[in-house]
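One structure below.
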Amino acid sequence: MASHDDKGVKRSNMDDNANDSKRIKRGENGGDASAEKYNPYLAHLNEDGNGSGSGNNGDFESPLDAFKRHETTALQAAQAEDSELNPWTGQPHSQRYFDILKVRRDLPVHKQRQEFLDMYHSTQILVFVGETGSGKTTQIPQYVLYDELPHTTGKLIACTQPRRVAAMSVAQRVANELDVELGQEVGYSIRFENRTGPKTMLKYMTDGQLLRESMHDHDMSRYSCIILDEAHERTLATDILMALLKQIAARRKDLKIIVMSATLDAQKFQSYFYNAPLLAVPGRTFPVEIFYTPEPERDYLEAAVRTVLQIHATEPEGDILLFLTGEEEIEDACRRISLEVDDMIRESDAGPMKVYPLYGTLPPAHQQRIFEKAPEPLRKGGRPGRKVIVSTNIAETSLTIDGIVYVVDPGFSKQKIYNPRSRVESLLVSPISKASAQQRAGRAGRTRPGKCFRLYTEKAFKKELIEQTYPEILRSNLANTVLELKKLGVEDLVHFDLMDPPAPETMMRALEELNYLACLDDDGELTRLGGMASEFPLDPALAVMLISSPEFYCSNEILSIVSLLSVPSIWVRPNNARKRADEMKMQFAHPDGDHLTLLNAYHAYKGAETNGEDMKRWCHEHFLSYRHLSSADNVRAQLKRIMETHEIDLVSTPFQDKNYYTNIRRALLAGFFMQVAMRESSNSKVYKTVKDDQLVMIHPSTSVTSPYDWVVYNEFVLTTKQYVRTVTNIRPEWLLEIAPVYYDLDTFEKGEIKSALTRITDKVKRRQAIKGSGSGR
DNA sequence: GAGCACTGC
């Protein structure tokens with residue numbers, strides 16, 4: 001649905017001399033032109049009827065005709081790149097192309113093109129290390145392109161990225177560098193947007209997208225070379241891809257693999273890939289001087305604010321980046337810095353300073369403000385102005401800000417941890433790793449030499465910080481991953497060769513959870529339900545709930561709820577309008593559950609849309625997030641398509657039917673029967689989770705006004721207290737009916753929950769004895 | 001009566 005009317009590359013008009021230059025610039029091994037006329041890549045262009053705007057050079061002579069696959073030399077490739085005509089399209093190269101080419105030839109990686117090619121020719125798997133500024137992400141895939149010659153094989157080159165924006169922007173950049181239109185020879189593929197076409201030879205994509213693709217193509221047979229970029233980030237998807245590719249490489253000798261990493265931790269990648277050869281290319285950054293505190297700081301927030309002010313008072317011009325852990329802390333620090341700077345200006349004629357918060361949940365328009373220029377001096381000849389950005393880890397990898405000269409690093413970040421015993425994923429403020437500290441420091445040296453102030457001792461850095469942040473796979477609930485692996489045809493999970501195998505207990509938990517959800521049978525084999533569930537880009541519980549929902553006559557509604565639960569919160573609650581926001585939310589509130597409240601808000605949103613309202617304004621007035629609601633709509637459409645391919649019926653109970661909401665509440669349990677809590681006693685606010693026996697409270701954001709003794713919850717959050725968030729009232733007898741295996745009372749430990757459930761079983765039995773067999777829905 | 005590190009399908 002994305003608009004694809006991007007103008008792409010402008011081509012200069014050189015028709016008149018095109019033929020001459022073609023003759024002059026012919027590659028040195030050109031040979032007889034007429035013998036080389038047939039070019040399979042362009043033949044396929046002709047099949048398209050030549051109508052796609054790429055011109056009519058169907059029979060042009062390309063220097064590539066003389067290339068031999070896997071024998072390309074740097075010189076040959078460079079000469080082809082120098083041609084007047086684009087060797088891939090036959091179109092004349094634009095002036096911009098040659099301008100960019102000059103810049104590319106200046107990148108550190110360019111000097112080692114031949115070395116790269118020699119190594120690439122000699123091996124199936126290659127590890128490539130390039131620090132920031134080396135040009136690896138844009139250049140290496142192009143070097144591969146000129147060697148793989150996809151037009152002769154029909155196979156693509158893939159380059160994965162951990163983030164969508166990176167996949168999109170790098171693809172655009174490389175399309176410009178190759179002087180082609182984005183989506184034609186060079187494209188990208190991310191969730192919701194596939195911008196590739198029949199001509200695509202080089203495809204940038206997210207790592208998760210390649211993983212999804214491989215569920216239907218276990219050999220990744222569409223590709224002749226797969227490049228995993230930013231492998232040092234060790235995302236879940238990259239880790240799984242590495243293990244898969246290791247397996248595939250053994251059966252597909254024609255597949256080449258390049259693992260690209262930014263750190264010098266490359267030996268780990270090398271030895272993992274059977275001592276694959278390694279090529280290292282220097283980066284291009286400026287030196288950063290590191291300062292440590294002589295003594296440990298007790299209050300890092302206070303120390304951070306103090307350091308920022310000190311830099312402002314004593315250091316020359318240049319912007320500051322301060323790393324903190326979360327929204328609240330950041331807003332607090334921004335307030336304190338602003339206040340103190342006002343004093344400094346009054347008392348000691350300091351320059352002006354603009355303070356910008358930066359974190360992921362900040363609306364994009366606010367995020368953009370960090371790119372504003374630092375303020376001018378307050379008067380002519382006055383002390384220079386400065387900006388300071390107070391950011392989460394988002395500025396460590398996802399966002400690059402030029403002009404930063406000073407970095408303040410207290411040494412902490414919020415990290416996800418998973419406790420398989422309590423089955424709880426939570427965020428915990430933890431010390432960062434050495435690699436992370438280095439990355440942070442590097443942010444000071446992108447445009448000129450900089451300084452990094454670490455608010456910990458040098459000894460702490462050397463002795464206490466771990467080398468690398470634990471990879472995501474060691475910090476996550478793996479239910480989703482295990483399901484994916486089963487679908488990927490990995491039979492033996494225990495011997496699946498992951499770079500860092502997760503704890504056996506985490507694996508057991510995942511298998512157990514999938515077994516209860518009936519996604520895996522008792523032998524650990526994928527069931528039909530499990531196979532279907534793996535097709536959805538959802539956690540298994542959500543997928544199972546969605547697939548089961550027609551049995552409860554409410555799949556349309558569950559589809560909406562699942563979509564709403566898959567996006568960030570749709571509720572907007574600005575600090576200066578909390579009360580009004582809460583009042584607005586009450587308009588949508590359903591007394592029996594937050595899931596139903598979400599649904600009401602979504603229905604109101606769709607209703608307003610049908611009425612032709614200005615939706616941005618409508619959302620603003622109702623304190624709803626337009627961005628997240630429209631993204632939920634997007635998710636909904638994708639999930640709906642998957643449901644249709646599996647012939648899962650889309651049905652609703654009539655709204656007038658008294659069971660409309662009851663059916664939805666029951667359907668929630670088909671996926672979330674393991675996330676149920678029972679009230680401790682009838683007036684208590686404390687609940688106990690079923691089987692795990694965790695004491696929890698209902699999160700204050702809830703719209704449930706009269707809590708039942710039993711609730712189903714969407715997530716467990718561990719903050720100042722243990723909360724369950726997004727909860728809905730349920731009846732315990734539904735549990736016994738909908739999830740009889742999990743609620744087999746013989747499997748329960750003695751306790752209040754078991755006795756409560758036992759009483760209910762007896763009651764149900766008595767009622768059935770009186771009525772005969774059970775009543776319908 | 002709190003809060004949402006960051007990604008991804």
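Computed from a predicted model, the values in this text were never measured in an experiment. Throughout, a chain's letter reflects where its sequence line sits, starting with A, and its residues are numbered from 1.
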Base, sugar-phosphate, or nothing: which does A:Leu427 touch, judged by heavy atoms less than 4.0 Å apart? base

Run the side-chain donor-acceptor check on residues 480-488 of chain A: report pairs under 3.5 Å with partners two or more places apart or on a different chain.
from	atom 1	to	atom 2	distance (Å)
A:Asn480	ND2	A:Asp539	OD1	3.3
A:Lys486	NZ	A:Gly524	O	3.0
A:Lys487	NZ	A:Glu535	OE2	3.1

To the nearest angstrom, the CG-C1' distance between A:Asp539 and B:dT7 comes to 14 Å

Are OP1 or OP2 of B:dT7 and a side-chain N or O of A:Thr206 less than 4.0 angstrom apart? no

When rounded to whole Å, the CG to P distance for the pair A:Asp582 and B:dA2 reads 14 Å

Please tell me which of A:Ser566 and A:Leu718 maps to the more 5' nucleotide of DNA chain B, matching each residue to the nucleotide holding its nearest heavy atom. A:Leu718

With a 3.5 Å cut-off and no angle check, do the side chains of A:Asp594 and A:Tyr713 form a donor-acceptor pair? no

B:dA5 OP1/OP2 closer than 4.0 Å to side-chain N/O of A:Arg475: no

side-chain N/O A:Thr392 vs B:dC6 OP1/OP2, d < 4.0 Å: yes

Determine the contact category for A:Glu328: base if any of its heavy atoms lies under 4.0 Å from a base atom, sugar-phosphate if only primed atoms, P, OP1 or OP2 are that close, otherwise nothing. base

What verdict does the side-chain contact (heavy atoms from CB on, under 4.5 Å) test give for A:Tyr687 and A:Asp709, after you've listed the backbone C-alpha separation in whole Å, the side-chain angles of each residue and the deciding distance to 0.1 Å? CA-CA 8 Å; A:Tyr687 283 71; A:Asp709 287 340; 6.0 Å; no

Figure out the NE2/P separation between A:His628 and B:dC4, and round it to whole Å. 14 Å

Give A:Arg163 one of three labels, base, sugar-phosphate or nothing, depending on what nucleic acid heavy atoms sit under 4.0 Å from its own. sugar-phosphate

Separation of atom CZ in A:Arg164 from atom P in B:dG8, rounded to whole Å: 6 Å

Criterion side chain to side chain contact (heavy atoms under 4.5 Å, CB included) against A:Asp332, the qualifying member of A:Arg336, A:Glu329, A:Glu328: A:Arg336

Has the side chain of A:Arg573 got a donor or acceptor atom sitting under 3.5 Å from an opposite partner on the base of B:dA2? yes

Quick check: on DNA chain B, is the nucleotide nearest A:Phe536 upstream (toward 5') of the one nearest A:Lys416, or the reverse? Name the residue that is more 5'. A:Lys416

So, A:Lys640 and A:Glu644, do they make that salt bridge, N to O below 4.0 Å? yes

Tell me the interatomic distance from A:His232, atom NE2, to B:dC6, atom P, rounded to whole angstroms. 18 Å

CZ of A:Arg234 versus C1' of B:dG8: gap in Å, rounded? 17 Å

Is there a donor in the side chain of A:Glu193 and an acceptor in the side chain of A:Tyr188, or the other way round, less than 3.5 Å apart? yes

Calculate the interatomic distance between A:Leu211 atom CG and B:dC9 atom C1'; express it in whole Å. 8 Å

Describe the nucleic acid contact of A:Ile190 in one word from base, sugar-phosphate, nothing, applying a heavy-atom distance below 4.0 Å. sugar-phosphate

Which is true for A:Lys721 with a 4.0 Å heavy-atom rule: it touches a base, it touches only sugar-phosphate, or it touches nothing? sugar-phosphate

Among B:dC6, B:dA2, B:dC9, which nucleotide sits nearest the side chain of A:Arg212? B:dC9

Verify whether one side chain among A:Thr397 and A:Gln439 offers a donor that lies under 3.5 Å from an acceptor in the other. no

Which residues, if any, of residues 359-368 of chain A bring a heavy atom under 4.0 Å of DNA chain B? A:Tyr359, A:Gly360, A:Thr361

Among B:dC9, B:dC4, B:dA2, the one nearest A:Glu327 by side-chain distance: B:dC4

Length of the CD1-C1' vector between A:Ile240 and B:dG8, whole Å: 11 Å

Side-chain H-bond candidate by donor/acceptor type, A:Gln468 with A:Arg234, under 3.5 Å: no

Going by distance alone, is a donor N or O of one side chain under 3.5 Å from an acceptor N or O of the other, for A:Thr238 and A:Thr235? yes

From the candidates B:dA2, B:dT7, B:dC9, the one with an atom nearest any side-chain atom of A:Pro700 is B:dA2

Does a side-chain N or O from A:Lys685 land closer than 4.0 Å to OP1 or OP2 of B:dG1, or not? yes

Can you check whether A:Lys414 has a side-chain N or O nearer than 4.0 Å to OP1 or OP2 of B:dC6? no

